[in-house]
Amino acid sequence: MTSALHDCPRLLALGPDFFARTPRGVARELLGKVLVRRDETDLLAGRIVETEAYLGTNDLAAHAAAGNTARNAVLFGPPGHAYIYFIYGNHYCLNVSCEREGQAGSVLIRALEPISGLEEMARARGLSLVSRSDSVRLTSGPGRLAEAFGITRARDNGRDLTDESSGLWMADDGFRPGRIRVTTRIGITKAAAHRLRFVVAGNPFVSGPKARR
DNA sequence: ATATCGATTATCT
DNA sequence: GATAATCGATATG
């Protein structure tokens, strides 16, 4: 008697302390961790291979730069909560809050390597997995991974990611990434010079041009 | 492989 | 009224 679940270590949620530090540190340390979504029908899991740090009110590229508003209030709340924003009239993106209550900061999850629930992710993305390489399109990019995991603002904004009972959390399964590459952030115009993007070097699920992987 | 462009809407100026 | 932490399609080398 065997199942995929039996073969997996228990995916314990990273606790609030993990997120209670600078976005730069959280972004770096999240590489290799696992994003998990569990609901009544599905267990989805993907390894984090690309992140970006967004700082506080003086980071012009960060949504926190607008001050505490209805849209971004989660950024100013306690660490380890989901900040979901809607962008270009089309896509949702997942961030996790960092630091502490009153100090804004977050990490954007930019790409995952899918581990479990690939068929369900493909269905959510409107794709079919005919060849092995098709899996790259499931979760390679912030909008793509949100769609694959069914993440929306209405459903998930403010969700406590440090509580497994929330159904969406991050876990350490013992895996340690290899070489890490640091680059400038992608897709922004303001404060573009800072090197706050972290990727697992050479991982095929990292988004963006080849030179940035 | 890289570049350009259109889609589509919540949010802020 | 302009903009945006993107994606997928199309064009071109």
Side-chain angles (χ1 to χ4, degrees), chain A residues 19 22-24 26-28 30-31 35 46 48-77 81-99 104-112 114 121-131 133-159 161 170 181-199 202 204-213:
Chain A
F19 301 99
T22 63
R24 186 189 303 266
V26 174
R28 164 68 181 73
L30 274 178
L31 292 182
L35 178 69
I48 298 170
V49 298
E50 178 183 356
T51 59
E52 277 177 357
Y54 286 87
L55 313 181
T57 48
N58 47 19
D59 176 5
L60 274 299
H63 292 179
N68 189 333
T69 68
R71 179 201 192 195
N72 65 16
V74 174
L75 295 175
F76 294 82
H81 288 246
Y83 167 56
I84 315 296
Y85 65 88
F86 184 61
I87 191 67
Y88 293 112
N90 279 297
H91 310 286
Y92 293 98
C93 298
L94 167 67
N95 289 246
V96 56
S97 62
C98 302
E99 304 266 15
S106 68
V107 172
L108 172 66
I109 310 302
R110 287 197 56 94
L112 305 172
M121 293 183 202
R123 196 182 325 129
R125 293 269 297 116
L127 301 173
S128 54
L129 297 174
V130 298
S131 79
S133 63
D134 289 343
S135 65
V136 171
R137 295 163 61 76
L138 294 177
T139 54
S140 175
R144 289 170 171 179
L145 74 89
E147 186 171 47
F149 275 62
I151 291 168
T152 66
R153 180 167 169 95
R155 182 181 182 187
D156 296 305
N157 190 55
R159 192 176 291 283
L161 302 179
M170 295 174 178
R181 181 186 294 262
V182 187
T183 77
T184 53
R185 297 176 291 189
I186 282 187
I188 57 171
T189 54
K190 291 172 275 190
H194 300 109
R195 294 164 58 84
L196 291 170
R197 176 172 173 264
F198 299 82
V199 309
F205 294 88
V206 171
S207 75
K210 194 174 176 181
R212 306 201 71 176
R213 303 201 297 217

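Every chain is numbered from 1, with letters handed out A, B, ... down the list of sequences. Keep in mind that what you see is a predicted model, and the values were worked out from it rather than measured.
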Using atom OH of A:Y83 as one end and atom C1' of B:dT11 as the other, report the distance to the nearest whole Å. 10 Å
Mind calculating the distance between CG (A:L75) and C1' (C:dA5) to the nearest angstrom? 11 Å
Between C:dA4 and A:T189, is there an OP1 or OP2 to side-chain N/O distance shorter than 4.0 Å? yes
Rounded to whole angstroms, how far apart are CD on A:E50 and P on C:dT6? 10 Å
Of the candidate nucleotides B:dT2, B:dC12, B:dA7, which contains the atom at the shortest distance from the side chain of A:T69? B:dC12
Return the 5'-most residue of the pair A:I87, A:G67 with respect to DNA chain B, ranking by each residue's nearest nucleotide. A:I87
Mark yes or no for a side-chain to base donor-acceptor pair under 3.5 Å between A:Y85 and B:dA10, with no hydrogen or angle criteria applied. no
Note: for A:H91 and A:R153 on DNA chain B, the residue whose nearest nucleotide lies more 5' is A:H91
Could you give the NZ-to-P distance, from A:K190 to C:dA5, as a whole number of Å? 7 Å
Quick one: A:L145 CG to C:dT6 C1', roughly how many Å, whole number? 12 Å
Mind telling me whether A:Y85 and A:H63 have parallel, tilted or perpendicular rings, with 30° and 60° as the class edges? perpendicular
Counting only side-chain nitrogens and oxygens, does A:R144 get under 4.0 Å of the OP1 or OP2 atom of C:dG8? yes
When all nucleic acid strands are considered with a 4.0 Å heavy-atom cut-off, which category describes A:G89: base, sugar-phosphate, or nothing? base
More than 12 heavy atoms from other groups under 6.0 Å of CZ on A:R24: no
Is there a side-chain contact between A:R110 and the phosphate of C:dT6, meaning an N or O under 4.0 Å from OP1 or OP2? yes
Going from CD1 on A:I84 to CG on A:D156, what distance comes out if it is rounded to the nearest 0.5 angstrom? 5.5 Å
Ring of A:F86 versus six-membered ring of B:dA10: centres under 5.5 Å and planes under 30°? no
Under 3.5 Å, is there a donor on one side chain and an acceptor on the other for A:T139 and A:R125? no
Once you apply a heavy-atom cut-off of 4.0 Å, does A:R197 come out as touching a base, just sugar-phosphate, or nothing? nothing
Looking for any heavy atom pair under 4.0 Å, which part of the strands does A:A61 touch: base, sugar-phosphate only, or nothing? base
Which base, if any, makes a Watson-Crick or G-U wobble pair with B:dT11, both distances under 3.5 Å? C:dA2
Could you tell me the separation between the CD1 atom of A:I186 and the CG atom of A:L196, rounded to the nearest 0.5 Å? 13.0 Å
May I ask you to verify if any side-chain N or O of A:S207 is less than 4.0 angstrom from the OP1 or OP2 atom of C:dT6? no
Length of the line joining A:N72:CG and C:dT3:P, which is rounded to integer Å: 21 Å
In sequence, state the C-alpha distance, the side-chain angles, and the governing distance for A:T184 and A:R212, and then conclude on side-chain hydrogen bond (donor to acceptor under 3.5 Å, both in side chains). CA-CA 9 Å; A:T184 53; A:R212 306 201 71 176; 2.7 Å; yes
Distance test, side-chain N/O of A:R125 to OP1/OP2 of C:dG8, below 4.0 Å: yes
Whole angstrom value for the distance that separates P of C:dT6 from CD1 of A:I188: 9 Å
Taking CZ from A:R71 and P from B:dA10, how many angstroms apart are they, rounded to a whole number? 12 Å
